[in-house]
Amino acid sequence: MTPSDSKASSDFIRTIIAQDIKEGKYEGPVHTRFPPEPNGYLHIGHAKSICLNFGIAAEHTGGLCNLRFDDTNPVKEEAEYIEAIREDVRWLGFDWGDREYYASDYFDRLYEFALRLVREGRAYVDDLTPEEIREYRGTPFEAGRESPYRNRTVEENLDLLERMRKGEFPDGSRVLRAKIDMAHPNLNMRDPVMYRVLHAPHHRTGNRWCIYPMYDFAHGQSDAIEGITHSICTLEFEDHRPLYDWFLDALKIHHPRQIEFARLNLTHTVMSKRKLLKLVEEGHVEGWDDPRMPTLSGLRRRGYTPEAIRDFCARIGVAKKDSTVDIALLEHCLREDLNKKAPRVMGVLRPLKIVIKNYPAGKVDELNAVNNPEDPSAGTRKVPFSGVLYIERDDFMEDPPKKFYRLAPGREVRLRYAYFITCVDVIKDEKTGEIVELHCTYDPETRGGDAPDERKVKATLHWVSAAHAIPAEVRLFDHLFSEADPEKGMEEKDFPALLNPDSRKTLKECFVEPSLKGAAPGRQFQLERLGYFCVDSKDSREDHLVLNRTVTLRDTWAKIRKKEAKKQGG
RNA sequence: UCGGGUGUCGUCCAAUGGUAGGACAGCAGACUCUGGAUCUGCCUAUCGAGGUUCGAAUCCUUGCACCCGAGCCA
């Protein structure tokens with residue numbers, strides 16, 4: 001192994017951790033955690049965090065990464081999301097062993113912690129209404145005011161907190177607050193709420209609790225309880241860090257080192273769970289796993305591979321600068337992976353019928369086709385050829401421009417792995433003028449795709465034999481939003497207006513080669529010259545094949561066409 | 001106006017006082033039974049102004065821009 005083989009990517013977080021280890025700051029091995037809230041599905045932004053946390057643990061001997069659900073708000077969280085999150089993390093390729101934890105596992109200890117702070121006079125029960133609390137908090141520019149309930153006795157606080165826990169008070173009537181500093185320039189330190197009354201059943205603790213800890217009072221302590229050494233989170237928690245420090249110090253418990261990084265943004269999509277949830281709830285997409293969604297379940301259904309996503313996460317790096325990664329990089333990683341792995345088959349999306357006039361009637365030939373030119377071990381297969389075929393409509397032009405070198409009247413091209421054919425006649429619908437079929441001749445000497453006289457053709461087309469082809473429905477996907485940045489200058493509630501109306505096109509009359517018969521859900525392959533596709537895991541049936549286009553191939557011809565169009569359009 | 005952050009090619013990430021480099025995107029070409037893949041070449045950047053230094057993306061001063069923060073959300 002050369003040094004470059006094992007060269008791990010580095011970033012400022014890994015640098016800090018390496019330094020901490022060098023200085024012997026922590027007793028045990030590196031211990032991280034991935035802490036999702038089960039209130040939605042995981043998206044590619046979470047993948048960045050998952051790869052970071054599990055990746056760092058894996059890079060150190062004895063390193064561990066926990067999966068912890070931050071389930072402190074029963075009104076927003078659902079058990080359905082937990083299973084989905086587990087599946088997504090596993091699919092991405094990470095293993096948390098038996099270390100699956102829940103903040104709700106710690107409710108008893110958290111309550112004990114709260115009691116301790118109350119006894120020490122560091123927390124109090126406040127009777128202010130939510131509106132009053134906001135008012136008393138002040139603003140970033142002016143100090144807040146202390147609540148009139150701030151100086152209750154320890155006994156009174158203990159009594160009130162216990163009665164909150166027992167359910168004597170309605171939602172919103174009282175909270176437990178930390179007694180810190182109402183004039184602190186960091187708003188998080190102005191007596192933050194630790195517990196609120198919420199008469200709601202919890203998906204794990206049922207009706208055992210009617211008060212629930214705030215995230216700020218649960219997160220740091222959960223990390224401490226689990227012995228996390230490095231608590232990696234996103235930038236918006238940076239100014240919560242002093243508060244976490246305050247709790248940890250007051251409680252005198254293990255103190256992980258928190259490091260913040262910038263969350264991932266991607267062009268042509270949205271990433272916040274709120275927005276994704278809105279797309280789902282308002283029916284702009286078919287669900288969390290709609291193949292256009294940036295969710296892991298959506299990407300999976302679309303045909304993305306875990307390897308491609310991990311590669312992407314490695315390439316985007318980690319930093320503290322707000323950034324928006326071009327979705328083209330994600331697509332590049334995908335193509336690179338699929339190019340190595342996906343078997344090639346032929347299929348026609350917009351069929352144009354071809355009749356080979358000089359081909360013996362009724363004859364069927366079996367031609368050899370390479371399964372994957374990038375991988376000889378993938379072998380070869382037989383593809384049936386006959387006198388009536390379909391080719392792609394886009395592969396013929398009656399009046400071709402200079403740079404078009406596919407089929408045209410009088411022109412010879414190659415049918416992949418088959419024969420050279422020449423177009424001799426164009427048959428049109430008399431009324432509409434639409435081209436309904438092409439008449440061609442073939443050269444029997446070119447069987448397999450090479451001419452004995454070494455003559456060349458400029459194009460090779462994909463095709464299927466009409467009598468042997470399998471019908472399929474094919475869904476073509478494009479960016480969810482046509483704008484690169486749908487968050488820019490847009491009221492949050494209005495962003496669906498920017499949705500790309502052409503993000504999904506369904507083609508119902510496609511044909512694929514017979515080797516795809518009975519293809520299992522999720523199966524992936526390349527349709528030569530068209531792109532990578534997979535069998536839809538939800539809608540495909542034995543007798544009704546449904547394919548998703550995962551991503552197109554790089555398409556130089558499309559680029560030329562676009563450029564020409566732009567030139568003419570001015 | 002307060003607190004916390006961040007400013008390097010179009011985009012993302014490096015360079016930690018010593019030649020500003022890589023990837024994606026773009027452009028041009030080679031090759032090709034996928035206009036795929038592959039290969040080659042090209043293009044473009046240190047937020048501004050001062051200073052320290054033989055030498056500054058990096059240190060200092062100052063200005064500017066952008067992001068986060070006033071949930072009983074996470």
Side-chain angles (χ1 to χ4, degrees), chain A residues 9-11 15 35-37 39 70-73 75-77 126 128-130 133-135 137-144 171-177 184-190 192-198 211-212 214-216 218-219 233-242 260 262 264 267 273-274 315-333 335-336 339-340 344 346 369-370 373-374 403-406 414-418 420 446 448-450 456-462 484 526-531 552-560:
Chain A
S9 66
S10 201
D11 52 66
T15 304
E37 183 192 12
N39 68 341
D70 264 328
D71 54 351
T72 54
N73 186 353
V75 309
K76 285 193 173 179
E77 295 149 9
D126 196 353
L128 254 26
T129 65
I133 287 184
R134 193 189 330 125
E135 206 182 303
R137 185 153 33 225
T139 72
F141 323 112
E142 51 193 345
D171 288 3
S173 58
R174 286 187 162 90
V175 291
L176 181 72
R177 292 230 251 171
H184 200 109
N186 181 341
L187 289 301
N188 296 123
M189 301 298 272
R190 318 244 260 228
V193 174
M194 294 161 60
Y195 269 93
R196 74 282 220 190
V197 179
L198 235 40
I211 59 171
Y212 292 93
M214 298 290 291
Y215 172 86
D216 279 352
H219 191 80
C233 64
T234 42
L235 255 24
E236 67 271 27
F237 296 106
E238 203 152 19
D239 48 15
H240 291 238
R241 182 155 28 98
E260 307 84 6
L264 171 67
T267 59
K273 271 201 233 176
R274 282 177 58 90
R315 290 200 201 205
I316 56 175
V318 181
K320 294 191 74 162
K321 182 172 60 161
D322 290 311
S323 63
T324 303
V325 176
D326 193 334
I327 200 166
L329 179 61
L330 214 211
E331 292 169 347
H332 168 82
C333 295
R335 288 191 185 102
E336 193 169 86
N339 176 50
K340 287 182 300 197
R344 273 62 167 172
M346 291 195 283
V370 173
E374 304 290 323
K403 285 176 181 164
F404 181 89
Y405 46 83
R406 279 113 95 143
R414 170 169 38 232
L415 294 181
R416 177 138 236 228
Y417 299 126
F420 285 11
T446 57
D450 286 303
K456 300 288 180 202
V457 287
K458 287 213 87 171
T460 299
L461 311 185
H462 59 275
Q526 180 193 110
L527 249 30
E528 293 218 30
R529 302 211 305 135
L530 296 173
T552 61
L553 258 21
R554 272 188 60 228
D555 190 345
T556 314
W557 167 240
K559 207 176 281 178
I560 293 169

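Chain naming here is simple, since letters A, B, ... match the order of the sequence lines and numbering starts at 1 in each.
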- Matching residue for A:Val175 among A:Ile133, A:Leu128, A:Ile211, A:Val197 - test: side chain to side chain contact (heavy atoms under 4.5 Å, CB included): A:Ile133
- Message: Is A:Arg529 close enough to B:G35 that one of its side-chain N or O atoms is under 4.0 Å from OP1 or OP2 there?
- Response: yes
All N/O pairs under 3.5 Å across the protein-nucleotides 14-18 of chain B interface:
residue : atom : partner  : partner atom : Å
B:A14   : OP1  : A:Val318 : O            : 3.4

- Message: Pick the closest RNA chain B nucleotide for A:Arg241 and for A:Gly449 by heavy atoms, then say which residue is nearer the 5' end.
- Response: A:Arg241
- Query: Is the shortest side-chain N/O distance from A:Thr267 to OP1 or OP2 of B:U11 below 4.0 Å?
  - Reply: no
- Query: What nucleotide, of B:U34, B:C12, B:A23, holds the atom closest to the side chain of A:Val325?
  - Reply: B:C12
- Could you list the residues that satisfy salt bridge (Lys or Arg N to Asp or Glu O under 4.0 Å) with A:Arg137, not counting sequence neighbours? none
- Which nucleotide in the set B:A23, B:G35, B:C12 lies at the smallest distance from any side-chain heavy atom of A:Ile316? B:C12
- Task: Measure across A:Glu77 and A:Asp70 and return the closest heavy-atom pair with its distance rounded to 0.1 Å.
- Result: OE2-O, 3.5 Å
- A:Lys320 side-chain N/O to B:G4 phosphate OP1/OP2 under 4.0 Å: no
Sort me out a list of protein N/O and nucleotides 8-10 of chain B N/O pairs below 3.5 Å, or just none if empty.
residue : atom : partner  : partner atom : Å
B:U8    : OP2  : A:Lys321 : NZ           : 2.5

- Task: Would you mind reporting whether A:Lys76 and A:Asp71 have side-chain heavy atoms less than 4.5 Å apart?
- Result: no
- Query: Dot-bracket for RNA chain B, 5' to 3', counting Watson-Crick or G-U wobble pairs under 3.5 Å, with [ ] for crossing pairs and | for inter-strand pairs?
  - Reply: .((((((..((((....[..)))).(((((.......)))))....(((((..]....))))))))))).....
- Applying side-chain hydrogen bond (donor to acceptor under 3.5 Å, both in side chains) to A:Glu260 and not counting sequence neighbours gives A:Arg241, A:Gln258
- Message: Looking at A:Glu37, is its backbone amide N or carbonyl O close enough to the side chain of A:Lys273 to form a donor-acceptor pair, meaning the two atoms are under 3.5 Å apart?
- Response: yes
- Message: Please give the distance between the C1' atoms of B:G21 and B:U53 as a whole number of Å.
- Response: 25 Å
- Considering only atom C1', compute the distance from B:A56 to B:U8 and round it to an integer number of Å. 14 Å
- Any A:His462 side-chain N or O less than 4.0 Å from OP1/OP2 of B:U34: no
- Nucleotide by nucleotide, nucleotides 67-74 of chain B touches protein heavy atoms under 4.0 Å in the pattern (B base, S sugar-phosphate only, - none) SBBBSBSB
